[in-house]
Amino acid sequence: MFERFWSSPFIKRIRRILLSTDALIDSSLFDSGRRSREMYENFSAFMERFHVSGFARLGVELADEALTLGLIGLIGLAALAGSAFQMTSEGDWLKQTDLAVTFLDRYGAEVGQRGIKHDDAVPLEQYPDYLVKAVLATEDRRFYEHFGIDVIGTLRALTVNARSSGVVQGGSSITQQLAKNLFLSNERTITRKINEAFLALWLEHHLTKRQILQLYLDRVYMGGGAFGIQAAAEFYFGKSVKDVTLSEAAMLAGLFKAPTKYAPHNNLPAARARANDVLNNLVAAGFMSESQIIAAQRSPATPVDRQRDESPDWFLDYAYGEIRKLAAEGKLGDTRVLTVRTSLDSNVQKRAEEVIEKNLREQGHAYHVKQSAMVVMEPDGAVRAIVGGRDYGASQFNRATDGSRQPGSSFKPYVYLTALMSGKFKPTTIVTDRPTCIGNYCVHNYSGGYAGSLPLAMALAKSLNTVAIQLSIAIGNGNAKEGRAKIIETARKLGITTPLEDTPSLPIGQSDVILLEHSAAYSSFVNGGKRTIPYAAVEIRNRQGDVLYRHDRDAPPQQQVMPPDKVAELAGMMKKVVEEGTARRAILGDGIDVIGKTGTTNGYKDAWFCGYSGTMGGCVWYGNDDNEPMNNMTGGTLPAGTWHDVMAYAHQGVPLKPIVGLRPEAKPEVAAANAPAKTLELGGPQRPATLTKEAVQALDSIEKKAKAAVGGGKQSMLPPATVTQ
């Protein structure tokens with residue numbers, strides 16, 4: 001039966017079909033192989049024509065490697081360009097940079113401007129020809145020839161700087177400098193330089209050369225608190241930029257390199273010497289002849305005689321950034337000309353700058369320290385003062401708001417608060433200072449010894465590193481990694497946004513923080529555990545005087561992020577740091593409770609003090625931009641002393657508020673306006689008296705009666721008076 005089935009016509013047909021299919025497949029594979037072999041042979045014969053040997057082959061191999069590496073580099077650059085081009089993703093990016101903002105301090109006095117002056121803007125066509133040439137000859141001679149990056153100028157600057165073993169010449173083109181002014185901070189990092197280069201290319205593609213030059217001249221910082229060459233001409237020479245002479249134009253063009261160093265109202269001989277260099281640059285660039293500049297060399301420019309208080313530029317930069325964010329979020333409508341009343345206390349700002357400069361001048365050499373930064377803030381986030389560095393003219397990088405540094409032991413309050421919230425510890429809990437290791441990582445105290453058994457509060461006062469590491473282990477129930485994760489969560493809730501590296505040394509402050517955020521987080525320790533978001537803008541009005549934004553009305557309220565009872569326990573512990581521990585220099589005297597913590601990093605690269613009364617406080621940092629070690633500076637020396645000198649002044653004549661939970665029975669008092677704090681040295685500066693609440697109310701009543709008398713009933717263009725807080 002099987003044989004009959006196998007020999008049936010149907011099966012035979014199937015067998016023939018399968019046999020044909022098999023033959024077709026075999027034939028196709030054979031033909032494909034043959035054609036492939038022929039193609040390979042033809043290709044080999046073709047490539048044989050390009051066969052090289054000897055030194056020629058070495059060159060080809062090097063070219064191949066160069067192409068490969070170049071392709072990899074292009075892919076890497078494309079990845080890096082992503083962050084730069086995100087900054088230009090908004091379609092109205094240029095409109096957002098056209099804000100013209102006038103800033104007032106908390107008492108209504110004008111303190112500066114940012115952005116461009118719409119009413120006073122001068123078209124590039126109306127600039128004197130020699131002024132434009134002076135700028136180009138000094139800043140970017142090939143401006144109209146390069147594509148946004150002056151390769152020749154960059155190589156020349158690198159060569160000169162290498163020979164001089166320092167930064168003598170800058171290689172950034174005008175387009176690159178504009179990109180930095182429009183989109184970036186002044187931080188000196190490789191990432192910023194890469195973003196700057198890509199943004200320069202982007203600007204060259206979207207704007208004409210004349211537009212780029214106009215934008216640059218309208219926005220560049222020219223010293224004396226003046227932004228833009230028109231504002232500088234008015235400030236230094238009392239005239240429009242359209243009317244400046246050749247000698248004055250040369251002096252203005254010389255300000256771009258170092259506006260504070262060469263500002264004529266600060267150092268006229270240096271300004272004139274720099275102007276002479278600019279005149280010589282005009283000749284070297286072929287823009288003018290020697291006979292055309294000789295008159296300007298013989299009769300150098302003389303600025304108008306005017307005295308002006310230093311501009312609070314660090315604060316204004318921060319406040320302007322805040323206004324730009326509000327504008328980008330649509331909270332200010334389409335208004336571009338604004339008047340902003342800020343939280344700035346001009347007297348405290350000036351005092352902070354003076355104290356820091358005095359300390360760096362008198363003790364900087366001994367401590368081998370060149371930079372410092374400070375933030376003064378109220379517990380609700382109102383920023384009273386910002387010092388972002390020693391010299392704004394030399395470097396506009398704001399170390400208080402943009403720089404990140406290791407906080408050292410000033411990070412420990414986040415560890416101790418997390419320990420208190422775990423329920424396993426109280427301020428009176430006995431802990432043991434002993435040798436402590438996590439794997440291969442062993443921690444040591446600053447003193448080098450061990451204190452044995454002591455209360456938790458005293459361990460914080462003595463800033464014991466071993467106890468902080470032990471707490472991280474206990475918080476995680478024996479798992480240090482879990483404990484550090486909870487510490488990081490606490491820091492995040494308090495407003496620390498910088499990446500916190502999960503390493504065994506995290507509890508003793510080996511991960512970077514930003515001074516402004518650190519200051520805001522500390523304010524939560526005196527306001528009962530509410531998260532503090534720093535702010536500078538109290539009220540924003542348009543040109544007509546209409547209120548567009550008020551912080552107390554439009555900003556979200558502070559959120560409770562930490563248990564008030566645990567925060568109060570921590571505040572009591574941090575009070576011991578000031579009274580019995582490493583920060584005794586920060587004591588302000590009887591009647592003013594102060595909490596705080598010092599911080600010193602390995603190798604003395606950073607020194608901190610962060611502290612608060614119930615009224616105000618903040619952080620102070622000392623260090624070097626290049627991370628060069630200081631000479632044995634700790635947080636309890638210059639940082640705590642600086643904090644004391646500024647705060648003793650700032651607390652005069654203001655309501656003294658209690659630290660929440662520390663002394664419930666305490667009643668707010670007012671520090672005497674006409675008497676110095678007890679801890680001020682003999683002859684210390686006295687803070688000017690400020691208006692009382694009753695005086696402000698009386699002035700408001702007089703203003704209303706005056707408006708009623710004239711019958712206009714129009715809204716006052718002046719911001720409302722404010723009471724000292």
Check the pair I595 / V578 against side-chain contact (heavy atoms from CB on, under 4.5 Å), numbers first and verdict last.
CA-CA 6 Å; I595 69 166; V578 176; 5.6 Å; no

Taking it one step at a time, do F525 and I659 satisfy side-chain contact (heavy atoms from CB on, under 4.5 Å)?
CA-CA 8 Å; F525 304 149; I659 295 173; over 6 Å; no

Evaluation steps, side-chain hydrogen bond (donor to acceptor under 3.5 Å, both in side chains), between N527 and T532:
CA-CA 9 Å; N527 67 22; T532 299; 3.2 Å; yes

Verify side-chain contact (heavy atoms from CB on, under 4.5 Å) between S511 and L500, making sure each step is shown before the conclusion.
CA-CA 5 Å; S511 197; L500 297 174; 3.9 Å; yes

With side-chain hydrogen bond (donor to acceptor under 3.5 Å, both in side chains) as the test, would you mind laying out the steps for E517 and T498 before giving the verdict?
CA-CA 9 Å; E517 293 182 353; T498 52; 4.8 Å; no

Check against side-chain hydrogen bond (donor to acceptor under 3.5 Å, both in side chains), S463 and K597
CA-CA 8 Å; S463 195; K597 185 69 187 76; 2.9 Å; yes

Test side-chain contact (heavy atoms from CB on, under 4.5 Å) applied to N465 and I469, step by step
CA-CA 7 Å; N465 292 334; I469 298 299; 5.6 Å; no

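Taking every heavy atom of both residues into account, I475 and A419 meet most closely at CD1-N, 3.7 Å. When all heavy atoms of N631 and A366 are compared, the pair lying nearest together is ND2-O, 2.9 Å. Nearest heavy atoms, I514 versus S404: CG1-CB, 4.2 Å. Smallest separation of non-hydrogen atoms from R531 and S524: CA-OG, 3.9 Å. Shortest non-hydrogen contact noted between P534 and A520 is CG-CB, 3.7 Å. Of all heavy-atom pairs spanning Y450 and H444, the tightest one is OH-ND1, 3.8 Å.
Between the side chains of K530 and S523, no donor-acceptor pair of N or O atoms lies under 3.5 Å. Counted by atom type alone, E378 and T615 present zero donor-acceptor pairs between their side chains at under 3.5 Å. A donor atom on one side chain and an acceptor atom on the other are found under 3.5 Å apart for T598 and T582. Residues Q470 and T436 have side chains that bring a donor and an acceptor to within less than 3.5 angstrom of each other. Using modelled atom types and a 3.5 Å distance limit, the side chains of E628 and H368 yield a donor-acceptor pair. Side chains of T642 and Y622: a donor on one and an acceptor on the other come within 3.5 Å. A donor atom on one side chain and an acceptor atom on the other are found under 3.5 Å apart for D105 and S346. If you check the side chains of S311 and D313, you find a donor sitting under 3.5 Å from an acceptor. With no hydrogens or angles considered, no side-chain donor-acceptor pair links N632 and Y367 at under 3.5 Å. Between D380 and Y535, the side chains place a donor N or O and an acceptor N or O closer than 3.5 Å (distance only, hydrogens not considered). Remark: the S409 side chain and the K412 side chain contain an N/O donor-acceptor pair separated by less than 3.5 Å.
Counting heavy-atom neighbours within 6.0 Å of K358 NZ, excluding the residue itself, gives a total of 12 or less.
Considering only residues two or more places apart in sequence or on other chains, D552 meets the salt bridge (charged side-chain N to carboxylate O under 4.0 Å, His left out) condition with R550.
In this structure a side-chain-to-backbone donor-acceptor pair under 3.5 Å is present from R106 to S343.
Of the inter-residue distances, the one linking I487 atom CD1 with Y416 atom OH reads 11.0 Å to the nearest 0.5 angstrom.
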Using atom types as modelled, flag every donor-acceptor pair under 3.5 Å from a side chain in residues 564-574 to any protein atom, sequence neighbours excluded.
none

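Checked for salt-bridge contact, K493 and E489 meet the test: a charged N lies under 4.0 Å from a carboxylate O. Ion pair D606/R405 flagged as a salt bridge, since at least one NZ, NE, NH1 or NH2 atom sits closer than 4.0 Å to an Asp/Glu carboxylate oxygen. One finds a salt bridge joining D502 and K481 here, because a Lys/Arg side-chain nitrogen approaches an Asp/Glu carboxylate oxygen to under 4.0 Å.
Put simply, the side chain of V369 does not reach to within 4.5 Å of the side chain of N359, judged on heavy atoms. Residues L638 and Q363 have side chains in contact (heavy-atom distance under 4.5 Å, counting atoms from C-beta outward).
The only option from K350, R390, R351 that meets the salt bridge (charged side-chain N to carboxylate O under 4.0 Å, His left out) definition with E357 turns out to be R390. Looking at W621, W608, Y414 one by one, the single match for side chain to side chain donor-acceptor pair (under 3.5 Å) with H518 turns out to be Y414.
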